[in-house]
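Contents: one structure, followed by commentary.
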Amino acid sequence: MFRHRFDPSSLVAGLLFLTVAGRYLAEGLGGHPVSFPWAAPFVLGSIVLIVILRMIFRSRRREQ
């Protein structure tokens with residue numbers, strides 16, 4: 001089986017989606033309601049982090 005390289009942007013994206021999904025699941029089970037003012041900056045900040053990580057690791061691959 002082919003072993004893939006570690007991709008930190010995929011890790012951040014996965015954690016982002018798990019966090020948002022967990023938050024909505026907690027609300028569905030009777031927890032605190034999910035507020036859009038909480039979710040929007042978190043999602044946008046994570047997307048910016050993913051883009052930055054992609055640029056860093058893409059430039060490192062080209063140098064090798």
Members other than Leu25 in its cluster, when Ile, Leu, Val, Met, Phe, Trp, Tyr link by side-chain heavy atoms under 4.5 Å?
-> Leu29
Is Leu18 reachable from Ile50 through a run of I, L, V, M, F, W or Y residues, each pair having side-chain heavy atoms under 4.5 Å apart?
-> no
To the nearest 0.5 Å, how far apart are CG in Leu49 and CG in Leu16?
-> 10.0 Å
Co-membership, hydrophobic cluster, residues Phe17 and Tyr24, 4.5 Å side-chain | no
